[in-house]
Chemist: 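To start, I am sharing the structure in question, which I have written as C-alpha cells.
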Amino acid sequence: MKKTILLLNIILALGILSGCNNESGCNNEKENYDPGDYHDNIIKFNIEPNKKALIMGDSITDDIVYKKDWSKWFAEETGIEVTNVAVSGSVYDLYRDNVDTLNLDDYDYFFLMGGTNNIYLGIPLSKSISDLEYVCKKLKGKKVVLTNPFAWNSTVLMPAEDAIAFRNRIYENAIKYDFTFINASKFVYERRDSIHPTEVGCKNISDEMMKALNLK
C-alpha cells in the first residue's frame, strides 16, 4: 500500500497527471471522456441531519490537502457529523483496511469515493474488482453512497477497456447491494490540474454532491 502511494507521489511530481497548471483552475471540459460516464445517479435513501458519516476517498477528499475540503463544506451545510479518513494516493485496498479496522456501527452513512487511483496507477483489473467487491460486501445493509471515479484522461496507466469495466463494476455493485450511486465524473468544479480541486473547487464538489443527493 505504501509503495502504491509513493508511486503516485512520484507520478504527481513528474507532472504526468497534470492537465494544466494555473492558479485559477482548469477548464471544466473533460477530454477523452470515459464511455462509462453514461450511468445515471441512483438515490436509495435520504441524508438526514444530526447523523454520522464515514468518508473514504483519495486526494480529492483528503482533508490534509485543502484548507477546507469538500467534506467539511458538506458537513457544515447538511448538519451531519463527518469522519474523513481519505488518504491521498489511496486505492481500494486501503478501503479494505478501513472496513476491517473501523467500528462500522459508529456511523449512519458511508461515502465510498475511490477508484480514481486504481485507474491512474494501472492497478490490475482483477485486483481492483476484488478489493471493490470485498469493501461493498462488508458494507452490505449499510446506507452507502458509492461514487464513480472522478475523472479520466489519456495519462492513465490502466488500459481503457479495463477502466471502463471497472467503472461499470462499481455501478453494478451499487445496484447489487442497494447502495446510492453518484456519478461523480459528471461533477463540474474548479480545478488546479486535470483532476484536483482548487479551494473553490472543494465548495463546488460539496454543492454538486448535495445536488446529486437532492439536498439542494
Side-chain angles (χ1 to χ4, degrees), residues 1 39-66 69-119 123 128-150 166-187 197 202 205-216:
M1 184 60 217
H39 294 307
D40 292 327
N41 297 338
I42 302 172
I43 308 300
K44 290 293 185 177
F45 54 85
N46 296 322
I47 301 291
E48 300 176 359
N50 304 315
K51 300 286 188 178
K52 295 181 179 180
L54 177 69
I55 298 183
M56 294 171 273
D58 46 43
S59 56
I60 296 171
T61 304
D62 190 340
D63 61 2
I64 296 177
V65 176
Y66 310 99
D69 70 279
W70 80 263
S71 73
K72 287 187 174 68
W73 285 108
F74 188 80
E76 185 177 291
E77 297 195 34
T78 61
I80 66 172
E81 180 182 334
V82 166
T83 298
N84 185 345
V85 295
V87 176
S88 295
S90 63
V91 294
Y92 256 93
D93 74 1
L94 174 64
Y95 314 143
R96 289 181 68 128
D97 293 341
N98 291 154
V99 297
D100 280 341
T101 58
L102 297 173
N103 185 357
L104 303 182
D105 291 334
D106 286 345
Y107 306 98
D108 302 293
Y109 307 119
F110 299 84
F111 286 71
L112 188 53
M113 305 182 64
T116 297
N117 291 320
N118 288 75
I119 293 174
I123 304 301
S128 295
I129 288 176
S130 175
D131 290 339
L132 163 71
E133 296 190 341
Y134 180 90
V135 173
C136 289
K137 187 174 182 179
K138 290 283 287 189
L139 293 173
K140 181 180 180 180
K142 304 289 188 183
K143 292 183 177 180
V144 177
V145 176
L146 179 61
T147 72
N148 224 8
F150 269 70
F166 181 50
R167 285 175 175 268
N168 287 335
R169 190 61 68 91
I170 291 172
Y171 179 76
E172 291 163 5
N173 269 267
I175 294 173
K176 178 180 179 180
Y177 290 103
D178 211 29
F179 295 162
T180 284
F181 173 81
I182 301 298
N183 194 340
S185 59
K186 291 184 177 180
F187 283 5
C202 290
I205 290 175
S206 175
D207 289 342
E208 291 282 307
M209 182 64 77
M210 291 181 68
K211 289 176 187 176
L213 292 169
N214 299 322
L215 294 171
K216 197 164 187 172

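All values below come from the heavy atoms of this structure, side chains included, with hydrogens, waters and symmetry mates left out. This one's a predicted model, so the numbers in the text were calculated from it and none came from an experiment.
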Chemist: Go through I47 and F111 one step at a time and tell me if the side chain to side chain contact (heavy atoms under 4.5 Å, CB included) criterion holds.
Modeler: CA-CA 11 Å; I47 301 291; F111 286 71; 4.3 Å; yes
Chemist: Any ion pair linking K142 and D105 (charged N to carboxylate O, less than 4.0 Å)?
Modeler: yes
Chemist: For M56, run the side-chain contact (heavy atoms from CB on, under 4.5 Å) check against V87, T61, T83, V99 and tell me which one passes.
Modeler: V99
Chemist: Looking only at heavy atoms, which two atoms of P149 and G114 are closest? And how far apart?
Modeler: CG-O, 4.0 Å
Chemist: Hey, what do you get for CD1 (I42) to CD1 (I175), rounding to the nearest 0.5 Å?
Modeler: 4.5 Å
Chemist: How close do N41 and N183 get, counting heavy atoms only, and between which atoms?
Modeler: OD1-N, 2.8 Å
Chemist: Looking at F179 versus F110, is the centre-to-centre ring distance below 6.0 Å?
Modeler: no
Chemist: Using distance alone, with no hydrogens and no angle criterion, decide if Y92 and S128 have a side-chain donor and acceptor under 3.5 Å apart.
Modeler: no
Chemist: At what distance, to the nearest 0.5 angstrom, does CG of N173 lie from CG of L132?
Modeler: 4.5 Å
Chemist: Might you point out which heavy atoms bring Y66 and P197 nearest each other, and give the distance in Å?
Modeler: OH-CD, 3.1 Å
Chemist: Taking all heavy atoms of F187 and all of I182, pick out the closest pair and write down the distance.
Modeler: CZ-CG2, 3.6 Å
Chemist: Nearest 0.5 angstrom please: K51 NZ to T78 OG1, how far?
Modeler: 13.0 Å
Chemist: Would you name the heavy atoms of S90 and G57 that are closest together and state the gap between them?
Modeler: OG-O, 2.8 Å
Chemist: Answer yes when D69 and K72 have at least one side-chain N-carboxylate O distance shorter than 4.0 Å, and no when they do not.
Modeler: yes
Chemist: Tell me, do N148 and Y171 make a side-chain contact under 4.5 Å, heavy atoms counted?
Modeler: no
Chemist: Is it the case that the side chain of T116 and the backbone of F150 share a donor-acceptor pair, with hydrogens and angles ignored and the cut-off at 3.5 Å?
Modeler: yes
Chemist: Rounded to the nearest 0.5 Å, what separates atom CZ in R96 from atom OG1 in T101?
Modeler: 12.5 Å
Chemist: Between the side chains of R169 and E133, is the shortest nitrogen-to-carboxylate-oxygen separation below 4.0 Å, so that they form an ion pair?
Modeler: yes
Chemist: Taking NZ, NE, NH1 and NH2 as the nitrogens, is one of them in K216 or D207 under 4.0 Å from a carboxylate oxygen of the other?
Modeler: yes
Chemist: With a 4.5 Å heavy-atom cut-off, do F74 and N84 have their side chains touching?
Modeler: no
Chemist: Check whether any side-chain heavy atom of M113 lies under 4.5 Å from a side-chain heavy atom of M209, and answer yes or no.
Modeler: yes
Chemist: Give, for atom CG of L146 and atom NZ of K176, the distance between the pair rounded to the nearest 0.5 Å.
Modeler: 13.0 Å
Chemist: Using the rule given for side chain to side chain contact (heavy atoms under 4.5 Å, CB included), can you reason through I170 versus F181, listing the C-alpha separation, both sets of side-chain angles and the distance that settles it, and then say yes or no?
Modeler: CA-CA 9 Å; I170 291 172; F181 173 81; 4.2 Å; yes
Chemist: Any chance you could lay out the side chain to side chain contact (heavy atoms under 4.5 Å, CB included) test for F45 and D108, step after step, and finish with the verdict?
Modeler: CA-CA 11 Å; F45 54 85; D108 302 293; over 6 Å; no
Chemist: Just so I know, are the side chains of Y107 and I55 near enough to count as touching, which here means a heavy-atom distance under 4.5 Å?
Modeler: no
Chemist: Could you grab the distance from atom CG of N118 to atom CZ of F166, nearest 0.5 Å is fine?
Modeler: 4.0 Å
Chemist: Does L112 form a side chain to side chain contact (heavy atoms under 4.5 Å, CB included) with V135? I'd like the steps, not just the answer.
Modeler: CA-CA 9 Å; L112 188 53; V135 173; 3.6 Å; yes
Chemist: Do you know which two heavy atoms are closest between A53 and I80, and how far apart they sit?
Modeler: CB-CD1, 3.8 Å
Chemist: Within a radius of less than 6.0 Å around CG of D106, do more than 12 heavy atoms belonging to other residues, nucleotides or ligands occur?
Modeler: yes
